[in-house]
Amino acid sequence: QVQLVESGGGLVQAGGSLSLSCVLSGGPFIYYDMGWFRQPPGKEREFVAAIEWSGGRTSYADSVKGRFTISRENTKSTVYLQMNSLRPGDTAVYSCAANRGVGMPVSSASAYGYWGQGTQVTVSS
């Protein structure tokens, strides 16, 4: 059974940085394209970033382009989200997700079959 565990959330001031990690267990990491999503308080879940299995292609939401970077380390079964220049509007629960076998950085949440529990990111003004 594939499991995803996120870490690295916390409280940061506006303009600061945080790095999130997500470790996949229970399956070959290279089989999975990976994504990060977030759910701000009182709002719907939204796409943040995605990366295909080899790390060669990525996709970002317009709201985070130029500030966030998704990467992966296949030898450690880990996907990362480096978040810079954080804003109060980035406050949300961030979750990673795994999508088996399409070879594309997909932005639709419905494409992902496995989800982590989420980690809280709070950006103070």
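- Hydrophobic clustering places I30 together with I70 (ILVMFWY residues linked when any side-chain heavy atoms are closer than 4.5 Å, directly or through intermediates).
- Taking each heavy atom of Y60 and T69 in turn, the nearest pair found is OH-CA, 3.4 Å.
- Counting only heavy atoms from C-beta outward, the side chains of I51 and W36 never approach each other to under 4.5 Å.
- Of all heavy-atom pairs spanning G103 and R57, the tightest one is O-NH2, 2.6 Å.
- Separating the CG atom in D90 from the OG atom in S63 is a distance of 7.0 Å, to the nearest 0.5 Å.
- Listed for the T122 side chain is no donor-acceptor partner under 3.5 Å among the backbone atoms of T91.
- Under the 3.5 Å distance criterion, the side-chain polar atoms of D33 are matched with a main-chain donor or acceptor of W53.
- M34 and M104 are assigned to two separate hydrophobic clusters, defined by single-linkage of ILVMFWY side chains at heavy-atom distances under 4.5 Å.
- Using a 4.5 Å heavy-atom cutoff, the side chains of Y114 and L24 are not in contact.
- In terms of modelled atom types and a separation under 3.5 Å, the side chain of R67 and the main chain of S85 share a donor-acceptor contact.
- A continuous path of Ile, Leu, Val, Met, Phe, Trp and Tyr side chains, each step under 4.5 Å between heavy atoms, connects V64 with V12, placing both in one hydrophobic cluster.
- Between K65 and D62 there is a salt bridge, since a side-chain N of the basic residue sits under 4.0 Å from a carboxylate O of the acidic one.
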For this session: Let me see the working for R38 and V121 under side chain to side chain contact (heavy atoms under 4.5 Å, CB included), right down to the final yes or no.
Result: CA-CA 9 Å; R38 68 186 183 186; V121 171; over 6 Å; no
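- Side-chain atoms of R72 come within 3.5 Å of backbone atoms of F29 as a donor-acceptor pair (strictly under, hydrogens ignored).
- Annotation for V106 and A50: closest pair O-CB, 3.5 Å, computed over non-hydrogen atoms.
- Residues F68 and L86 are in side-chain contact: their nearest non-hydrogen atoms beyond the backbone lie under 4.5 Å apart.
- Shortest non-hydrogen contact noted between G118 and S95 is CA-OG, 3.5 Å.
- When all heavy atoms are compared, the tightest approach of A92 to P41 is CA-CD, 4.5 Å.
- Relative orientation of the F37 and F47 rings is perpendicular, given thresholds of 30° and 60° on the angle between their planes.
- When side chains are defined from C-beta on, V2 does not count as touching R100, because their heavy atoms never get closer than 4.5 Å.
- L81 and A49 make their closest contact through CD1-CB, 4.2 Å (heavy atoms, listed as atom of the first residue, atom of the second, distance).
- Within 6.0 Å of CD on Q120 lie more than 12 heavy atoms contributed by other residues, nucleotides or ligands.
- Side-chain contact check for L20 versus E6: every heavy-atom pair is 4.5 Å or farther apart.
- Side-chain contact check for Y32 versus V79: every heavy-atom pair is 4.5 Å or farther apart.
- Hydrophobic clustering (ILVMFWY, side-chain heavy atoms < 4.5 Å, transitive): L18 and V93 are in distinct clusters.
- There is a side-chain donor-acceptor pair under 3.5 Å between Y80 and E73.
- Expressed to the nearest 0.5 Å, how far CG of L4 lies from CD of Q117 amounts to 10.0 Å.
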